[in-house]
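Here's the structure we're looking at; comments come further down.
Start at 1 and go down the list; that is how both ligands and their atoms are numbered. Computed from a predicted model, the values in this text were never measured in an experiment.
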Amino acid sequence: MRAYWLMCIAALALNATPAAGEPSVERGLYISIIGGCHDCHTEGYSESGGKIDPAKALKGNALGFQGPWGTSYAANLRLTAVDLTADGFVSYLRGLGTYPPMPQYNVRAMSDEDKKSLYLYIRTLGDAGERAPAFVPPGDRVHTPYIVLAPPLSPPACTRDFDCGVGEVCDPGGSGQCMKR
Ligand code: HEC
């Protein structure tokens, strides 16, 4: 009896998310959302608080990401998928190598079933549309709006208490950072 109830609970849990195992369109949609793909590859998604405009879903983004690597644009994944078979798409994602901030390692880590589900979902999205703007090498002119992703900064160092704010001292331990008195 107990096992029966456990099985029911397991079945309910599986219903809430598309079942692992067989690749499916529903699972592809689910992965594209929790995998964060729309955050960058779907225009207006983040700004709208997570609404997928069907006309723009995974069609790429003309907002650039600029850093030491140059300026990159989230690609139109409909175009990526349209020229490939499901197996071709899976092996492309397995060996994916891209510029930042594309989290290529997360995509490579997906199971083949997840990669295939993404393909099935993307292929339902209709008209492939235009390519996202081309990558711009460092120092070249950028023709679109872009976000600057600068290398991390550290708080300014101190050598004496006078360098720090009110109620702070320069770390007597010698870390060169201000700390609360
Ligand atoms: C932080 C933003 C960001 C997120 C999140 C993101 N991407 Fe990307 N993606 C990019 C950028 C930028 C590029 C272009 C990189 C380049 O020019 O090399 C890209 C490129 C790609 C490419 C290469 C396309 C091609 O035609 O060569 C694939 C495939 C891809 N992304 C899939 C995904 C998938 C699947 C997800 C979700 C699991 C995802 N991306 C999440 C920003 C992102």
(request) Could you go through the disulfide bond (SG atoms under 2.5 Å apart) check for Cys178 and Cys158 one step at a time? (result) CA-CA 6 Å; Cys178 296; Cys158 60; 3.9 Å; no
(request) Would you kindly specify which portion of Leu77 sits under 4.0 Å from ligand 1, judged on non-hydrogen atoms: side chain, backbone, both or neither? (result) side chain
(request) Find the distance between CD (Gln177) and OG (Ser154) and round it off to the nearest 0.5 Å. (result) 7.0 Å
(request) Specify whether an N/O/S atom of His41 falls short of 2.8 Å from atom 8 (Fe) of ligand 1. (result) yes
(request) Note the single closest protein heavy atom to atom 5 (C) of ligand 1, along with its residue, its atom name and the distance in Å. (result) Gly36 O, 3.3 Å
(request) Answer yes or no: is there a side-chain heavy-atom contact under 4.5 Å between Leu58 and Cys37? (result) yes
(request) With heavy atoms under 4.0 Å as the rule, classify the contact between Leu118 and ligand 1 as side chain, backbone, both or neither. (result) side chain
(request) Considering only non-hydrogen protein atoms, determine which one is nearest to atom 2 (C) of ligand 1 and report residue, atom name and distance to 0.1 Å. (result) Cys40 SG, 1.8 Å
(message) Nearest non-hydrogen contact with atom 24 (C) of ligand 1 belongs to which option: Gly28, Ala109, Ala75, Ala81?
(response) Ala75
(request) Report yes if some heavy atom in the side chain of Pro101 is under 4.5 Å from a heavy atom in the side chain of Trp69; otherwise report no. (result) yes
(request) Please examine the side chains of Leu93 and Tyr119, heavy atoms only from C-beta on, and report whether any two atoms are closer than 4.5 Å. (result) no
(request) For ligand 1, find out whether one of its N or O atoms is nearer than 3.5 Å to an N or O atom of Tyr92. (result) yes
(request) For the residue pair Lys56 and Asn61, establish whether any side-chain heavy-atom pair is separated by less than 4.5 Å. (result) no
(request) Could you find the nearest protein heavy atom to atom 18 (O) of ligand 1 and give me its residue, atom name and distance? (result) Tyr99 N, 2.9 Å
(message) Tell me the nearest of Cys37, Pro133, Gly35 to atom 41 (C) of ligand 1, using heavy-atom distances.
(response) Cys37
(request) Could you say whether the N/O atoms of Thr80 and ligand 1 ever approach to under 3.5 Å? (result) yes
(request) Distance to 0.1 Å, residue and atom name: give those for the protein heavy atom nearest to atom 10 (C) of ligand 1. (result) Met102 CB, 3.4 Å
(message) Test of understanding: given a 4.0 Å heavy-atom threshold, classify the contact between Thr98 and ligand 1 as side chain, backbone, both, or neither.
(response) both
(message) When you compare ligand 1 with Tyr73, is there at least one nitrogen or oxygen pair between them that comes in under 3.5 angstrom?
(response) no
(message) With a 4.5 Å cut-off on side-chain heavy atoms, are Phe89 and Ile122 touching?
(response) yes
(request) Report whether Tyr45 and Ile31 are members of the same hydrophobic cluster (ILVMFWY, side-chain heavy atoms less than 4.5 Å apart, transitive linking). (result) yes
(request) May I ask you to test the Asp163-Arg160 pair for a side-chain heavy-atom distance under 4.5 Å? (result) yes
(request) Go through ligand 1 atom by atom and flag the ones less than 4.0 Å from a non-hydrogen atom of Met110. (result) 38 (C)
(request) For the residue pair Ile52 and Ile33, establish whether any side-chain heavy-atom pair is separated by less than 4.5 Å. (result) yes
(request) May I ask you to identify the nearest protein heavy atom to atom 11 (C) of ligand 1, giving residue, atom name and distance to one decimal place in Å? (result) Ala74 CA, 3.5 Å
(request) Among all protein heavy atoms, pick out the one at the shortest distance from atom 29 (C) of ligand 1; state its residue, atom name and that distance to 0.1 Å. (result) Leu93 CD2, 3.5 Å
(message) Need the ligand 1 atom indices (1-based, order shown) with element for anything under 4.0 Å from a heavy-atom of Pro101.
(response) 1 (C), 12 (C)
(request) Classify the contact between Ser32 and ligand 1 as side chain, backbone, both or neither, using a heavy-atom distance cut-off of under 4.0 Å. (result) neither
(request) Side-chain contact test, heavy atoms from C-beta onward, threshold under 4.5 Å: evaluate it for Met102 versus Val107 and give yes or no. (result) yes
